[in-house]
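Okay, so here's the structure we're looking at.
Computed from a predicted model, the values in this text were never measured in an experiment. Naming convention: chains lettered A, B, ... in sequence-line order (proteins, then strands); numbering from 1 in each chain.
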Number of protein chains: 2
Amino acid sequence: MLDKYFTDCLYFTANRLTRVITRMAEEEFARTGLSPAYAFLLMAVQERNGLTQKELGEVLHLTPSTVTRFVEKLERKLLVTTRQDGRMSRVYLTDKGRAMQEQIEECWSSLHERYAKVLGREEGDRLTRRLYEVSVELEQA
Amino acid sequence: MLDKYFTDCLYFTANRLTRVITRMAEEEFARTGLSPAYAFLLMAVQERNGLTQKELGEVLHLTPSTVTRFVEKLERKLLVTTRQDGRMSRVYLTDKGRAMQEQIEECWSSLHERYAKVLGREEGDRLTRRLYEVSVELEQA
DNA sequence: AAATAATATTTGTACATACAAATTATACGC
DNA sequence: GCGTATAATTTGTATGTACAAATATTATTT
């Protein structure tokens, strides 16, 4: 069977899963008008208002250039502002950005419930933690 | 802790893992001059020479437009050819494409060994299978 | 204090991938 | 057999993300 070839490869299955779950997340976050990646950035800023772009990249595991692009876009939507602090650029929520938080968290919960319903809450959460650990372990290899 | 927010989300951890393992795969496949996604397409064609683009999309879990783009690129590199069959387009390996197979499989093995070394072979394979199952289960939700 | 090194960010560019609309080709109902 | 429905592919366009090079700012060395 052809499938076997691929289903044995972590690269392949991780990519496949990511496409599926990303699509789900996009659906759940659609009503915010943001794609989930941007919503997560906004959550990160809310958790630590004024963090630098470097820190954002670390938390979200995105490269600096990607962070720049994301922040620009959210600035254009008036959801964050940036202030220069030496060579760093700090990112702050605007009122409009703050006003979205609740909605974002609702989307996040819906997403969580949606996959918990399929996988079981326990199992879904266990898998999620495992994926995180694995990503960290592999990073150093 | 900020991290907790994200490490609890399957969307987030799956994306993170995918970025890490994709980078590893790109390194391993670099000497083929192909990114891993293209190499996998080539493997799929070798397994079932003359399959249609639709079938390719199903096996690789890619949308039709993406398959078109990938096949075009591999045609430009003279690794596959296509033949029209009614409204379908069938994809065949060229000699040059066939000649790459061995190298591709070597890369695939290196990749496999590389993450097995970190995760353990058993555990790596178990996780891989699990991710595949989960992606299939979630797809129907 | 000037010269150099280090660090954070930005910019230009490229790539994988998707969606929606357009196109092409077959199949079906009359 | 013709008109319409269906199916496969392609095309135009957009998005998320990365890398490499450029820029800007601060820190270190002399």
### Query
Hey, do the aromatic rings of B:Y132 and A:F12 have their centres closer than 6.0 Å?
no

### Query
Can you list, by residue number, the residues of residues 13-25 of chain A that have a non-hydrogen atom closer than 4.0 angstrom to DNA chain D?
none

### Message
Counting only heavy atoms not in B:E102 (residues, nucleotides, ligands), do more than 12 fall under 6.0 Å from its CD?
### Response
no

## Note on the structure
Taken in chain and number order and not counting sequence neighbours, the residues that satisfy side-chain contact (heavy atoms from CB on, under 4.5 Å) with A:D85 are A:M88, A:R90

### Message
Rounded to whole Å, how long is the line connecting atom CZ of A:R76 with atom P of C:dT10?
### Response
13 Å

### Message
Rounding to an integer number of Å, can you tell me how far A:D85 CG sits from D:dT26 P?
### Response
8 Å

### Query
To the nearest Å, how far apart are B:F12 CZ and D:dT17 C1'?
14 Å

### Task
Figure out the CZ/C1' separation between A:R83 and D:dT25, and round it to whole Å.
18 Å

### Task
Would you list the pairs meeting side chain to side chain donor-acceptor pair (under 3.5 Å) in which at least one residue belongs to residues 69-80 of chain A, sequence neighbours left out?
A:E75-A:T82

### B:P36 side chain near B:E26 side chain, heavy-atom distance below 4.5 Å
yes

### Query
Taking the nucleotide of DNA chain D with the closest heavy atom to each, which residue, A:E26 or A:G86, is nearer the 5' end?
A:E26

### Task
Apply side chain to side chain donor-acceptor pair (under 3.5 Å) to A:Q103 and list each qualifying residue two or more places apart in sequence or on a separate chain.
none

### Task
Mind calculating the distance between CZ (B:F29) and P (C:dC15) to the nearest angstrom?
19 Å

### Task
Look at the aromatic rings of A:Y38 and A:F70 and report parallel, tilted or perpendicular, splitting at 30° and 60°.
parallel

#### Entry: Results of side-chain contact (heavy atoms from CB on, under 4.5 Å) for B:R126 - residues two or more places apart only
B:E122, B:E123, B:R129

#### Entry: Charged N-O contact under 4.0 Å between A:R19 and B:E139
no

### Message
For nucleotides 6-15 of chain D, give me one character per nucleotide, 5' to 3': B if any protein heavy atom sits under 4.0 Å from the base, S if the only such contacts are to the sugar-phosphate, - if neither.
### Response
BBSBBBBB--

### Message
Tell me the interatomic distance from A:L51, atom CG, to C:dA8, atom P, rounded to whole angstroms.
### Response
14 Å

## Note on the structure
Here the distance between atom C1' of C:dT17 and atom CZ of B:F40, to the nearest Å, is 17 Å

